[in-house]
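Scroll down for the structure; my scribbles are underneath it.
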Number of protein chains: 2
Amino acid sequence: MSLRYALLAILRVGPLSGYDLAKQFAQSVGHVWHAPDSQIYPELRKMEAEGLVEGEQQARGERGHRRLYHVTPAGDAAFTDWMAAPLDYQRVRDPAHLRAAYLEATTPDAARAFLRAHRAQWQSELEQWEGELVRIDTVTNPMLARRIAVTAEQDRERTIAYKRFTYEGLVARARIEIEWAERGLALVDRLSDDPDAGPAGGR
Amino acid sequence: MSLRYALLAILRVGPLSGYDLAKQFAQSVGHVWHAPDSQIYPELRKMEAEGLVEGEQQARGERGHRRLYHVTPAGDAAFTDWMAAPLDYQRVRDPAHLRAAYLEATTPDAARAFLRAHRAQWQSELEQWEGELVRIDTVTNPMLARRIAVTAEQDRERTIAYKRFTYEGLVARARIEIEWAERGLALVDRLSDDPDAGPAGGR
DNA sequence: TTACGCATGTAACAGGTTACATGATTAT
DNA sequence: ATAATCATGTAACCTGTTACATGCGTAA
């Protein structure tokens with residue numbers, strides 16, 4: 001149910017076509033809320049049916065066309081209402097920790113492969129998010145730059161500060177996951193260490 | 001797609017009825033993978049149809065009955081295959097960080113309410129998980145005790161060590177989320193501080 | 001003329017949520 | 001008798017995933 005608010009957040013900066021929205025989405029809010037094009041286009045149509053956005057059909061060449069969406073007052077109200085409403089937290093469903101709880105049921109090699117993949121997964125997220133932090137500080141993220149351009153002078157600091165805060169949180173979480181995977185790898189080594197093989201053994 | 005493996009993990013310890021499984025589930029693996037009864041019963045039936053478990057109908061009083069499930073060799077193989085297979089990571093969809101990225105669009109009070117709720121949410125998870133850590137150390141979690149009872153002496157250390165490792169990871173993550181919310185609260189205070197009101201102002 | 005980027009989707013399916021439905025057994 | 005707990009589900013809905021489908025515009 002958050003997708004529409006993620007879309008509204010971007011459209012509030014200025015009207016966009018579904019295509020452009022999807023592109024902007026992927027390089028801004030998509031870092032915290034992924035959505036494929038096949039979900040964005042229908043959602044925009046649904047939002048239009050509910051009066052949150054308005055689409056304006058535009059010609060593009062002879063036969064081509066595109067639909068430019070902008071937020072209606074109702075859409076703006078829906079967004080600010082959502083911002084002020086309590087967030088509904090989903091129940092935990094964490095496949096990585098589920099598997100971790102039963103690592104004794106597999107081989108040390110499989111356990112290591114799982115933990116290395118976990119580390120790689122979060123390392124890759126970490127790099128994305130650290131990249132975003134740099135782009136926030138330098139205001140080189142195109143979405144943020146557009147947003148700052150339409151933001152009153154005295155609100156720019158807050159806008160940037162909350163973006164930074166958000167990505168700092170993501171970065172901290174990624175680091176924790178990486179550390180956890182590394183402690184797991186050390187644990188596998190320790191537990192699979194053949195007691196007869198001496199302190200350097202294990203593989 | 002992880003639900004069935006969570007169910008298998010529990011059933012591998014010993015046969016259970018859907019009802020007992022659901023109860024045991026909630027107080028063990030349910031801490032990392034939530035599932036309501038209404039999902040567990042049909043999943044067990046599906047797993048039975050696919051030959052992963054076998055259900056044995058038992059009488060209970062005159063008219064009552066219950067179905068006792070146990071894992072088949074195929075179910076055991078499916079579980080160990082899953083343990084050795086790469087985990088598929090879902091794309092990020094994080095409502096809390098989504099909202100955090102746009103906190104400038106709401107009032108300081110709403111921002112604080114959101115951050116306090118976030119802290120409370122993770123505080124509550126943290127308490128659950130820290131409680132589990134204690135129950136792991138004292139082997140007072142009933143599921144773990146049952147598992148340990150059917151585990152060979154030399155594998156008990158590993159079984160317990162991986163459970164501990166799992167919950168340590170969850171605890172670390174909860175702490176990070178709480179710290180993040182607290183830094184957010186400090187940030188809201190700083191940003192909503194009226195520059196004319198002096199260092200103690202802000203509300 | 002060919003490939004790449006613009007532009008918009010549909011369809012089938014999987015997985016999870018919420019609310020509801022039903023009845024038996026056992027303890028007080 | 002009544003309430004708690006045992007016991008097992010169904011149905012409707014929402015969200016998200018995956019794969020596929022279609023055609024136009026423009027630059028090399």
Side-chain angles (χ1 to χ4, degrees), chain A residues 1-8 11 15-27 29-30 32-50 53 55-69 82 87-95 98, chain B residues 1-8 11 15-27 29-30 32-50 53 55-69 82 87-95 98:
Chain A
M1 207 49 194
S2 293
L3 174 59
R4 59 175 51 194
Y5 303 106
L7 296 176
L8 285 171
L11 282 181
L16 285 173
S17 67
Y19 183 83
D20 288 333
L21 175 53
K23 299 304 136 191
Q24 302 265 10
F25 191 95
Q27 56 184 273
V29 72
V32 293
W33 194 276
H34 169 79
D37 299 0
S38 65
Q39 204 183 354
I40 290 177
Y41 286 112
E43 185 66 24
L44 280 171
R45 288 289 185 172
K46 264 180 69 185
M47 289 163 72
E48 187 171 20
E50 292 173 42
V53 296
E56 184 195 345
Q57 196 83 359
Q58 289 188 328
R60 177 172 167 268
E62 298 267 321
R63 235 172 297 263
H65 58 88
R66 59 185 221 144
R67 198 162 179 82
L68 201 68
Y69 289 96
W82 177 75
L87 209 57
D88 63 320
Y89 286 86
Q90 298 298 309
R91 307 301 296 264
V92 194
R93 271 194 327 278
D94 187 329
L98 170 60
Chain B
M1 208 48 195
S2 294
L3 174 58
R4 57 175 52 194
Y5 302 106
L7 297 176
L8 285 171
L11 283 180
L16 286 172
S17 66
Y19 183 83
D20 289 333
L21 175 53
K23 300 303 137 190
Q24 302 264 10
F25 191 94
Q27 57 184 272
V29 71
V32 293
W33 194 276
H34 169 79
D37 299 0
S38 65
Q39 204 183 353
I40 291 176
Y41 287 112
E43 184 67 24
L44 280 170
R45 288 288 183 172
K46 264 180 69 185
M47 288 162 73
E48 188 172 18
E50 293 173 42
V53 298
E56 185 194 344
Q57 196 82 357
Q58 289 188 329
R60 178 170 168 269
E62 299 268 319
R63 237 172 296 262
H65 57 88
R66 59 184 222 143
R67 200 165 177 80
L68 200 69
Y69 290 96
W82 176 75
L87 209 58
D88 62 321
Y89 286 85
Q90 298 298 308
R91 307 301 295 264
V92 193
R93 271 196 323 279
D94 186 329
L98 170 59

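Keep in mind that the numbers below use all heavy atoms, side chains included, and drop hydrogens, waters and symmetry copies. So that the names make sense, note that chain A is the first sequence line, chain B the second, and so on, each numbered from 1.
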- Please list, chain by chain and in numerical order, all residues satisfying salt bridge (Lys or Arg N to Asp or Glu O under 4.0 Å) with B:Glu50, sequence neighbours excluded. B:Arg4
- Item | Terminal contacting nucleotides, 5' and 3', DNA chain D versus chain A (heavy atom, 4.0 Å) | D:dT15 to D:dG25
- Please name all residues satisfying ring-ring contact (aromatic ring centres under 6.0 Å, His included) with A:Tyr19, sequence neighbours left out, ordered by chain then number. none
- Task: Whole angstrom is fine here: how far is it from CD in B:Gln90 over to P in C:dA14?
- Result: 15 Å
- Query: How close or far is atom P of C:dA7 from atom CG of A:Leu44, stated in whole angstroms?
  - Reply: 14 Å
- Message: List the residues meeting side-chain contact (heavy atoms from CB on, under 4.5 Å) with B:Pro15, not counting sequence neighbours, and say none if there are none.
- Response: B:Leu68, B:His70
- Taken to the nearest whole Å, CD/A:Glu56 to P/C:dA7 is 14 Å
- Examine C:dT17: is either OP1 or OP2 under 4.0 Å from a nitrogen or oxygen in the side chain of A:Arg91? Give yes or no. no
- Residues in side-chain hydrogen bond (donor to acceptor under 3.5 Å, both in side chains) with A:Glu48, at least two apart? A:Arg67
- Who are the side-chain hydrogen bond (donor to acceptor under 3.5 Å, both in side chains) partners of B:Glu62, not counting sequence neighbours? none
- Task: Tell me, please, which residues at least two apart from A:Tyr5 pass ring-ring contact (aromatic ring centres under 6.0 Å, His included).
- Result: A:Trp82
- Round to the nearest Å and state the distance from B:Trp33 atom CH2 to C:dG16 atom P. 5 Å
- Message: As an exercise, state the distance from NE2 of A:His34 to CG of A:Leu3, rounded to the nearest 0.5 Å.
- Response: 10.0 Å
- The residue, A:Gln39 or A:Asp20, whose nearest nucleotide of DNA chain C is more 5′ is A:Asp20
- Using side-chain contact (heavy atoms from CB on, under 4.5 Å) as the criterion, point out the one residue from B:Leu16, B:Val29, B:Leu11 that pairs with B:Gln24. B:Leu16
- Item | Any residue meeting side-chain hydrogen bond (donor to acceptor under 3.5 Å, both in side chains) with A:Gln39, in chain and number order, not counting sequence neighbours | none
- Item | Under the salt bridge (Lys or Arg N to Asp or Glu O under 4.0 Å) test, residues paired with A:Asp37 that sit two or more places apart | none
Would you tabulate the nitrogen or oxygen pairs shorter than 3.5 Å linking the protein to nucleotides 22-24 of chain C?
{"from": "C:dA24", "atom 1": "O3'", "to": "B:Gly64", "atom 2": "N", "distance (Å)": "3.1"}

- If you fit an axis to the five pairs at each end of the helix from C:dT1-D:dA28 to C:dT28-D:dA1, how big is the angle between those two axes, to 10 degrees? 10°
- Note on the structure: Between B:Ser38 and B:Tyr19, the residue closer to the 5' end of DNA chain D by nearest nucleotide is B:Tyr19
